[in-house]
Amino acid sequence: MLDPKLLRTQPETVAAQLARRGFHFDLERFTQLENRRKLLQTETEKLQAERNVRSKSIGQAKGRGEDIAPLKADIDQLGRDLDSKKSELDALQLEFEDFALRLPNIPHASVPEGKGEEDNLEVRRWGRVREISAPRDHADLGEALGLMDFAAATKLTGARFTVLRGQLARLHRALIQFMLDVHTREHGYEELYVPYIVNTASLRGTGQLPKFGEDLFSLKGDQGWSLIPTAEVPVTNLLRDEIQSAESLPRRWVAHTPCFRSEAGAAGRDTKGMIRQHQFEKVELVQAVTPEKSYEALEELTGHAESILKKLQLPYRVVALCTGDIGANAAKTYDLEVWLPSQGRYREISSCSNFEAFQARRMLARYRDSQSNKPELLHTLNGSGLAVGRTLVAILENYQESDGRITVPAALQPYLGGTSIIG
RNA sequence: GGAGAGGUGGCAGAGUGGUUGAAUGUACCUGACUCGAAAUCAGGCGUACGUGUAAACGUACCGGGGGUUCGAAUCCCCCCCUCUCCGCCA
């Protein structure tokens, strides 16, 4: 959510900023809603003040043993006026809130201008791309080894699921352990285990609702529960309605969870293999920091995610998403893209974002400022460190041998009981 | 799942339907005392929104939602959560 003060005082600026990302801010509708809200609110509060005064005087009159019947008659019409004004105001506020909750974040000044993916800015590249003659894709490799089974998953569930077997299932698990170990031991993150089912308040807090409900797998029942699309939701929402002490910051949390996405809009893309699944594992990094530290923290967090790719010796590049490609909730995002030999290009494996106070405002996630001793909104960040399924894909493709076997990256061998090659 | 108890300010903990945003304690901040500290004393000390240049004033908030009433932390209904006991399980 955007700062309501900014929204009210500088709606034109907001409109211009949101236009950078191709979002049309309906200035006319906003102004109309806002003017009406202002009017209704002052009128309603005036009536409430009046009622409070009169009710108080009734109480006093009663205390003196006077007859209060005429006073009550006097207040009758006031009550009816108040009721109708109040319900009008309530309805308008709901409408206004829905409007505000659907507005995306304002991109940071450093975000490159652009319309879509093609305008993203490559920041740096790392690693040497191996020469592989006639590289096979991960699905071919995995199926040939008999360790990756899409047909079985289709039977069990449907399209976009995978069954892994034997050494590949173990490699997949090893990746999770490896990533958690690195982030907890080397980068100072606290490991968390969290629910994989969350309520609507949490989804609203991190910005999945009200706008992106169709991407979620929602559960039956009237609790409004959904499977998590990312650990970001349960982890970041730990901050909801809480006030952190200044000393406890920065908060750094890491959690491994499965992620469930219906990805309705993505049908037809990446239909083969493990790239785009309804269920995948992710190790997620989340930080909560003071506002002045958040861009520094974004660089650090991105570096933490990069360190996994470096340790695995996987070539990658860092891309600053442009205003047209950045997610709705983010103020700035770096994508990490790993080299996939079968596609001859880099593909997203991590997305690291600074949300500034956008999520914190929705969640009322605050810290007590040591100077003012007042609660202030936190800045929240998160990034994949990394998407496990896609990391597995990258290893298969980048470490494939000409006979179809897969070399295990040195950093992972201890996690596989010393195994150096799969197949 | 069944039965009971309970959810009030950072924490603890009062609160007969009426001047209660809420006693009291504690924590915290400021001042006095002190060489300094402790102790003591005095004052301050929630959040959000609105009007206003400001001072200030107003409104809302006692788990959430609805209701009764001129007026609700207080009465009624529904829901959520916590605790205790029982049942069932991993």
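Lettering of chains follows the sequences in order, A, B, ..., and the numbering in each one begins at 1. None of the values given here were measured: they were computed from a predicted structure.
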Dot-bracket for RNA chain B, please. Rules: Watson-Crick or G-U, both distances under 3.5 Å, ( ) within the strand, [ ] when a pair crosses earlier ones, | for another strand, . otherwise. ((((((((.[[[..)..(.....]]].(((((.......))))).((((((....)))))).[[[[[..)....]]]]])))))))....
Over all heavy atoms of both residues, which pair between A/L239 and A/L378 is shortest? Give the atoms and the distance, please. CD2-CD1, 4.1 Å
Letter per nucleotide, 5' to 3', of nucleotides 64-77 of chain B [B base touched, S only sugar-phosphate touched, - untouched; heavy atoms, 4.0 Å]: ------BS------
Interatomic distance, [X] [atom1] vs [N] [atom2] [rounded to whole Å]:
X: A/D241; N: B/U47; atom1: CG; atom2: P; answer: 15 Å
X: A/K46; N: B/A60; atom1: NZ; atom2: C1'; answer: 18 Å
X: A/K5; N: B/G50; atom1: NZ; atom2: P; answer: 7 Å
X: A/K85; N: B/G58; atom1: NZ; atom2: C1'; answer: 18 Å
X: A/R37; N: B/A48; atom1: CZ; atom2: C1'; answer: 12 Å
X: A/F96; N: B/C49; atom1: CZ; atom2: P; answer: 12 Å
X: A/L78; N: B/U59; atom1: CG; atom2: P; answer: 13 Å
X: A/L39; N: B/U51; atom1: CG; atom2: P; answer: 11 Å

Taking [M] as the reference, what is the distance to [N] when you measure between their [atom1] atoms (whole Å, please)?
N: B/G21; M: B/A5; atom1: C1'; value: 28 Å
N: B/A23; M: B/G43; atom1: P; value: 15 Å
N: B/C78; M: B/G87; atom1: C1'; value: 26 Å
N: B/A73; M: B/U59; atom1: P; value: 14 Å
N: B/G44; M: B/A27; atom1: C1'; value: 14 Å
N: B/U53; M: B/C45; atom1: P; value: 26 Å
N: B/G66; M: B/G13; atom1: P; value: 30 Å
N: B/C28; M: B/A22; atom1: P; value: 23 Å

Side-chain atoms of residues 167-177 of chain A: list all donor-acceptor pairs with protein atoms under 3.5 Å, sequence neighbours left out, distances to 0.1 Å.
none

I'd like to know if A/E45 reaches the base of B/G58 with its side chain such that a donor and an acceptor end up less than 3.5 angstrom apart. yes
Tell me if the aromatic rings of A/H379 and A/F358 count as close, with their centers under 6.0 Å from one another. no
Identify all side-chain donor-acceptor contacts of residues 11-19 of chain A below 3.5 Å with residues at least two apart in sequence or on another chain.
| from | atom 1 | to | atom 2 | distance (Å) |
| --- | --- | --- | --- | --- |
| A/T13 | OG1 | A/Q10 | OE1 | 3.4 |
| A/Q17 | OE1 | A/R20 | NH1 | 3.0 |

Please table the atom pairs, donor to acceptor, closer than 3.5 Å between any side-chain atom in residues 285-293 of chain A and protein atoms at least two apart or in another chain.
| from | atom 1 | to | atom 2 | distance (Å) |
| --- | --- | --- | --- | --- |
| A/Q287 | NE2 | A/Y189 | OH | 2.9 |
| A/T290 | OG1 | A/E292 | OE2 | 3.3 |

Quick note, salt bridge (Lys or Arg N to Asp or Glu O under 4.0 Å) partners involving residues 224-246 of chain A, not counting sequence neighbours, are none
Among residues two or more places apart or on two chains, list those pairs meeting salt bridge (Lys or Arg N to Asp or Glu O under 4.0 Å) that have a residue in residues 405-423 of chain A. A/D403-A/R405
Can you name the side-chain contact (heavy atoms from CB on, under 4.5 Å) partners of A/A152, sequence neighbours left out? A/D149, A/V163, A/R165
Under the ring pair (Phe, Tyr, Trp, His ring centres under 6.0 Å) test, which residues partner A/H278, sequence neighbours left out? A/F161, A/F217
State the CD1-CG distance between A/I228 and A/L216, to the nearest 0.5 angstrom. 11.0 Å
Please work out if A/Q48 contacts a base, only the sugar-phosphate, or nothing of the nucleic acid, heavy-atom cut-off 4.0 Å. sugar-phosphate
Under 4.0 Å, counting only non-hydrogen atoms across every strand here, what does A/R80 touch: a base, just sugar-phosphate, or nothing? nothing
Of all the choices, B/U47, B/U51, B/G58, which nucleotide is nearest to the side chain of A/R366 once you look at every atom? B/U47
